[in-house]
Every structure is written in C-alpha cells, then in structure tokens.
Amino acid sequence: MPDISELHLQNLLFDMDEDGVATVTLNRAAKRNALDARTIEELVALFSALPAAGARAVVLRAEGPHFCAGLDLVEHGRAERSPAEFMRLCLRWHEAFNKIEYGGIPVVAALKGAVVGGGLELASSVHIRVMDETTYFGLPEGQRGLFTGGGATIRVPRLIGQARMIDMMLTGRLYSGDEAVAVGLAQYRVQDSEAKALEIARRAAQNTPLSNFAICSGISHMQNMSGLDAAYAEATLAGIVNTQDAAKGRLDSFAQGTAVKIRPD
Ligand code: 1HE
C-alpha cells in the first residue's frame, strides 16, 4: 500500500499534526465538492493509507461554502455510463465509505451548506457529524431521476429511520437547524463546525488506539450481525481491548484515586 506522501491527491488535501490528528479536505469548491470518480478513488487511497500513517483521529472538512453536492452530475451525464459501469462506480463509492466507517479511526465531519445526495452518503459514513447554521441535508435523487448508490439505503435509515428517508427522497424535503439534530442527521449544531470537529477529534485521539478501533469498526460490524453473533464478537473484541497493556496505567490511576471521575461538572 502506498505511503500517504506518495499519493497524488488533486481533489483532496491531507494534513496531520504531531498528535496524529489528521485533516482531510474536500478540495473541489468550484464544483461544490461534487464527487467525481477521481475524488472517490482518492478517498479510497487516502483512507486506506491512514492507519499505517499513524492517524489517531480525522477531521473531514470541505473548502468553500458547501460540504458536498453529491454525485458529479455533469461527469455522470457526459460519461453515458452503462448499468454495469455505474454499478462498478457505486462499488468504488462503497469501498471509499466503508474505509471510513470500518477503518477503526474516529472520523468527525465538519459540515456546512449543502450535504446532499452523495454528500449525505459520505457524511453518514463518518462517526460524528457536526453541523453549523448553514448546513442542510437532502436526498434529491428522486428529483434528478436517480437513486442513491453510495450506501444511503444502509446508513441513512440507521440515522433517521426508513420513513424519513423515503419522505426526503420522494418529496425533496430538506432538514436543517434543530430539526436536523433532533432527527439524528447531526450530533452537534454549533457556530463553527470546524473548530468543534477538531475539538472532538482531539479528544477522541486521547483514547487508546485499540479502544477507538473497536468503537469505530466493531460497533458497525456488530450492527450487521445477528444478536447472538454480535454478542460473541463483542466478547471477543472486549477480550482483546480490555486486557491491553495500554489500559493498565489508566486502571492503576483509577485504583489510586488519581484518575478523572466520570461526572457532569
Ligand atoms: C456540480 C454539482 C454536482 C454543483 N455535480 N457539478 N446533487 C444535487 O442534485 C445537487 C446539485 N447542486 C446544487 O443544487 C447546487 O450546486 C448547490 C445548492 C449545491 C450550490 O448552489 P450554488 O448556487 O452555490 O452553486 P452552483 O452555481 O449551482 O454550482 C457551482 C458550480 O458547481 C457549477 O459549475 P460551473 O462549471 O457552472 O461553475 C455547477 O455545475 C457545479 N456543481 N453541484 C456537478 N452535483 C452514487 S449516487 C448519488 C446520487 C446523488 O448524489 S444525486 C444528488 C446530486
């Protein structure tokens, strides 16, 4: 697998600080960060390379006033893809978004403006969504004569339920403001989504990498299993995580009364 420094990124920007907090930026503002085939390949390559690069948490942000306008409709219209070609393209979208959801590294999205169509599919693959006052969510596929192809049918109902997703797709209903948080499209609504996303990523990066791996891949995998299998997988994962050397110091400091207490003050 190529090193991150060897990737030739054009539509994404990448940066990582000394604490392993990485920033991935959608960098096609002139096209409202619409997802063309190249951007999807860059997401696959970048998120595949992040674990070996030592990333402990990621902020996913965007240039310009909109997070992401979804599928590149112009590229799609011009390409005149066959059904098989578009199916293969969708499988690359799944590859990219699965790398994000199942990669084991916390990914926090800093949302703004349009988070629509494939943009919502991308946003729904991260672990924590932070929106600002300009953010709105939509699934305009129905209006465009299209259907979701980047995992929305799996991830969006998990967030907001099937009935709300169908309503969004049939009527073009948009969610914004408090309502978007209330229905589950975002967990935080703040003035500055980038500052908040960075704060959350920094905090998550302080957990042990193995705990974060379990949280940011195990929970998703277990949602795909039967209850019985999920319980088995949970016990197996806990067997590994809860006996890790990296946790010993934290347990000792609790026993000695020096660890932070878990209470709302
Ligand atoms: C684009 C795209 C795009 C903008 N593909 N080029 N997604 C949509 O249906 C949303 C389509 N976009 C919009 O409704 C608007 O662009 C926005 C509300 C997001 C922003 O509006 P605005 O006025 O700020 O920008 P604009 O003037 O509409 O667009 C600026 C440029 O970005 C313009 O290009 P230019 O060369 O004429 O300057 C637009 O063409 C370009 N642009 N959005 C391509 N989406 C796996 S299946 C997933 C299916 C879907 O995602 S369906 C949802 C598609």
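Numbering of ligands and ligand atoms starts at 1, following listing order. For clarity, every value in this text was computed on a predicted model and none was experimentally measured.
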Per-atom contacts of ligand 1 with A30, taking only distances under 4.0 Å to non-hydrogen atoms:
30 (C), 31 (C), 32 (O)

Considering only NZ, NE, NH1 and NH2 on the basic side and carboxylate oxygens on the acidic side, decide whether R189 and E179 come within less than 4.0 Å.
no

Does one side chain, of D3 or S5, offer a donor that lies under 3.5 Å from an acceptor on the other?
yes

Counting neighbours of CD on E80 that are heavy atoms of other residues, nucleotides or ligands and sit closer than 6.0 Å, is the number greater than 12?
no

Which residue from R92, R144, E75, R32 reaches closest to atom 14 (O) of ligand 1 through any of its heavy atoms?
R144

Which of parallel (below 30°), tilted (30 to 60°) and perpendicular (above 60°) describes H66 and Y136?
perpendicular

Tell me whether ligand 1 is touched by F67 - counting only heavy atoms on the residue side and a distance under 4.0 Å.
no

Return the residue, atom name and 0.1 Å-rounded distance of the protein heavy atom closest to atom 49 (C) of ligand 1.
E141 OE2, 3.4 Å

Looking at atom 44 (C) of ligand 1, what's its closest protein heavy atom, distance included?
D72 OD1, 3.3 Å

Where at least one partner belongs to residues 21-36, residue pairs that pass salt bridge (charged side-chain N to carboxylate O under 4.0 Å, His left out), sequence neighbours excluded:
R28-D36, R28-D72

Salt bridge or not between R61 and D15? Use side-chain N to carboxylate O under 4.0 Å.
no

Heavy atom of protein closer than 4.0 angstrom to atom 9 (O) of ligand 1
yes

Side chains of residues 162-170: which donor-acceptor partners sit under 3.5 Å, not counting sequence neighbours?
residue : atom : partner : partner atom : Å
R164    : NH1  : I160    : O            : 3.1
D167    : OD1  : T171    : OG1          : 3.0
D167    : OD2  : R173    : NH1          : 3.0

Strictly below 4.0 Å, N to O, side chains only: are E41 and R38 in salt-bridge contact?
no

Which residue and atom name correspond to the protein heavy atom nearest atom 35 (P) of ligand 1, and how close is it?
K31 NZ, 3.5 Å

Would you say atom 37 (O) of ligand 1 makes contact with the protein, given that contact here means a non-hydrogen protein atom less than 4.0 Å away?
no

Mark whether atom 23 (O) of ligand 1 lies under 4.0 angstrom from at least one protein heavy atom.
no

Would H76 count as a contact of ligand 1 if the rule is a heavy atom under 4.0 Å away?
no

If we count only non-hydrogen protein atoms and require a distance under 4.0 Å, does atom 17 (C) of ligand 1 qualify as touching the protein?
no

Distance from atom 43 (N) of ligand 1 to nearest protein heavy atom, with residue and atom
A69 CB, 3.4 Å

Nearest-contact summary for atom 47 (S) of ligand 1 - protein heavy atom, Å:
G149 N, 3.5 Å

